[in-house]
Amino acid sequence: MLFRYSGYGGTAIKIFPGSAFALAQLSTEQQFAGVELIPAIPIFLPTVAEAPPVGRLAQVPFSATLSKSGGAIKQMFLDGQDLLGTGSTYLDCYCTPSGFYTPGSKSPTYKLLKGVDSTKTPWGGMVLSEVYAPTGQMLEQYWFLREGETGLHSFSRLAYYNKTTPFLRNLQEFRTLFRPSTPLWTDLITNEIQYAPLPSKNATAAQVVVQDATWYLGKTPNDPYVVQQSDYFTKYTFADTWRDHSVHDTYFGGPLHSDLVVDGIVYNYIVSNHHGDGTPNITDGFDRTFGPFFYYFNKGAPTASMADLRKDALKYYSPTWNTAFYDSIAQYVPNYVPSSGRATWKGKINLPKGAKKPIAVLAQNRVDFQDNAEDTKAYQYWADVDPKSGEVSIPSVKAGTYRLTVYAEGIFGQFTQDDIKIEAGKTRTTKAKWSEESAGTEIWRIGTPDKSSGEYKHGYEREPSKTLHPEQYRNYWAVHDFPNDFPEGVTFEVGKSKEVEDFNYVHWSVFGGYGNSIRTTPYWENVNNWTVLFDMKKKQFHKKDKATLTIQLAGAKTAAGNTDIYNASEPYSNLPYTVVVNGKELKPWIIP
């Protein structure tokens, strides 16, 4: 999040509010790093045997068994080690008129597949297909194993053909879950800096609910999770943005999409409206296959760290990994585009001075990539741009027409170019010069334009009281008590105050009350009216008659919640953001 004040006038600037994920375990004899969920162009499975109640995919040392009674993988073994216990791996969605639905529970059909790919490697597969009778929606889940690999490949499909009811609803959630129920798994990993042990049984037995999916664990102060991570446990602590996940081509929302990753369950959130992200509408003709995804399982010596095992999993973190296998099974997976329908895009971007962590995004043409769910056929890709050379390359891009977006930390605005045409089998190179947006001579700046508010108090600042020193914004929000931090409200003096101490990471309209177990009564005084003080020299405004104040928001939450649908009972779904400069109120910005 960033504030900037410039002279001369200029343009308005948008802002928008990155990681592999794993669930790991430690045992006395060996370590199984678990479940790197890698949506790649993946791999997997050999012999297929079928018993009356189940379908089974097996390739020593890995096997998976599908329960026909419920449509879920009910057994997984790696070298004889039970990975699921009484748990399961399955597809579900929030996609029917009544809400959540898990395919496989009504009248599913099953198909077993097997073959040999172009590399002469055997594989096997299982397909679950079910039509949700009340609406005619078809849901399908595909699982594949490939000889020599210790992982499970999958695809998920939703199709809707109904001219009588051409608009059904939005696809609010679509996900697959690895949901084990065994003490094998002991630790959670979101990325290279966010990890922690799971709370112990003693801690969860004494836990107190404080908010949706959030528990207070302070009654067991010696629990390893409490000592290392937090007095609170919530799935939101281990959420992340998609930027550092290199392959999400069939997802939506681009690298800024934020979602749940792991909390004892490993989530593959294919679609969701979490954090206000956009979702596609299910209309007549909707037919999309998401994936491939790859659940990878590995193990190491007792001395191996979770970081070591995660590094091993990242070897498969590439969109070109197992292309030959995916091409071989494409005929069995509707809508999957093989390599013959893809190409490589390359870019050479002349970056603005000071650009840090630049990234290039290819997504829906003529639309901001965060809104690319508007086109249910659109794909998305991104890759880091070399900050020195400006070079970037994205392989395996589906043929089509895209918008190119480039943005970077420390640079105002972003570069966009529409009508980037990708032709199958042909490398497309784009050369561009990106100039930072400017409203004139900059007078002062608070914060960093990086599409986050992490530079402010309780943002990316590490927590000193816990041994893992997690980023403070990941903690239960009520812990950062605004009235105690800023009893007189926020007053920031440019040139003297410090962002990390004197400017809060969230601009509250009210603090306390709903969802706050610590301050249960709403507190209004000195909360929403923030003051920025600055001085100017006479020469800075001599013969000047116009100045531009730019405020970038990393994100905004109104009464509309995650839906952005008008509700007359929620008068603050369209929220006015008011700015007063030297006593003059500017035209409010209405945040929808």
Side-chain angles (χ1 to χ4, degrees), residues 22-25 32-40 42-92 102-105 108-117 121-130 139-157 175-182 184-185 265-268 290-299 313 316 322 325-326 328-329 332-333:
L23 182 64
Q25 76 84 38
F32 289 79
V35 210
E36 270 292 333
L37 229 178
I38 303 181
I43 30 184
F44 209 90
L45 173 41
T47 62
V48 178
E50 183 178 16
V54 297
R56 184 170 183 269
L57 297 175
Q59 168 60 33
V60 178
F62 183 80
S63 67
T65 302
L66 171 67
S67 169
K68 288 187 173 181
S69 62
I73 298 286
K74 287 290 190 178
Q75 294 180 348
M76 281 190 188
F77 287 88
L78 176 63
D79 281 340
Q81 173 67 60
D82 183 2
L83 303 178
L84 279 174
T86 58
S88 60
T89 296
Y90 58 94
L91 167 71
D92 73 10
T102 302
S105 59
T109 60
Y110 295 93
K111 182 188 298 184
L112 291 175
L113 304 170
K114 62 181 178 179
V116 178
D117 67 24
T121 304
W123 59 266
M126 300 181 293
V127 183
L128 176 157
S129 182
E130 183 169 89
L139 294 103
E140 292 186 329
Q141 180 67 18
Y142 297 76
W143 291 276
F144 293 92
L145 294 180
R146 185 170 182 260
E147 187 174 83
E149 297 173 358
T150 57
L152 188 65
H153 301 270
S154 67
F155 298 80
S156 304
R157 180 190 179 200
R175 62 186 187 173
T176 59
L177 300 91
F178 175 81
R179 193 168 195 152
S181 178
T182 166
L184 179 71
W185 309 104
I265 302 170
V266 175
Y267 299 95
N268 175 20
F290 300 90
F293 318 113
F294 183 52
Y295 285 88
Y296 174 67
F297 300 86
N298 62 6
K299 64 179 182 178
Y316 308 105
N322 253 359
F325 168 64
Y326 287 117
S328 296
I329 64 172
Y332 303 105
V333 183

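Position 1 is the first residue of the sequence, and the numbers go up from there.
One distance of note links CD of Q81 with CZ of F62; it measures 12.5 Å at 0.5 Å rounding. Taking CG of L91 as the start and CH2 of W143 as the end, the distance is 7.5 Å to the nearest 0.5 Å. Here S63 contributes atom OG and F77 contributes atom CZ; the two are 6.5 Å apart, rounded to the nearest 0.5 Å.
Residues forming a salt bridge (charged side-chain N to carboxylate O under 4.0 Å, His left out) with E140 (at least two apart in sequence, or on another chain): R157. Under the ring pair (Phe, Tyr, Trp, His ring centres under 6.0 Å) criterion, Y90 pairs with no residue at all, not counting sequence neighbours. Applying the salt bridge (charged side-chain N to carboxylate O under 4.0 Å, His left out) criterion to R179, with sequence neighbours excluded, gives no partner residue. In terms of the side-chain contact (heavy atoms from CB on, under 4.5 Å) criterion, residue partners of T109 (sequence neighbours excluded) are, by chain and number, S129. Here T89 pairs with nothing under the side chain to side chain donor-acceptor pair (under 3.5 Å) rule; sequence neighbours left out. Annotation: side chain to side chain donor-acceptor pair (under 3.5 Å) contacts of D117 (sequence neighbours excluded): T119, R146. Annotation: side chain to side chain donor-acceptor pair (under 3.5 Å) contacts of S181 (sequence neighbours excluded): T86. Contacts of V333 classified as side-chain contact (heavy atoms from CB on, under 4.5 Å), with partners at least two apart in sequence or in another chain: Y142, F144, F155, T289, Y336.
Here the closest non-hydrogen pair linking L112 and M126 is CD2-CG, 3.5 Å. T121 and E147 get closest at one heavy-atom pair: CG2-O, 3.6 Å.
One N or O on the side chain of Y110 and one on the backbone of K68 form a donor-acceptor pair closer than 3.5 Å. At least one donor-acceptor pair closer than 3.5 Å links the side chain of W185 to the backbone N or O of L83.
When ring centroids are compared, F178 and F297 come within the 6.0 Å threshold.
Between Y332 and V127, every side-chain heavy-atom pair lies at or beyond the 4.5 Å cut-off. Using a 4.5 Å cut-off on side-chain heavy atoms (C-beta onward), D92 and L177 make contact.
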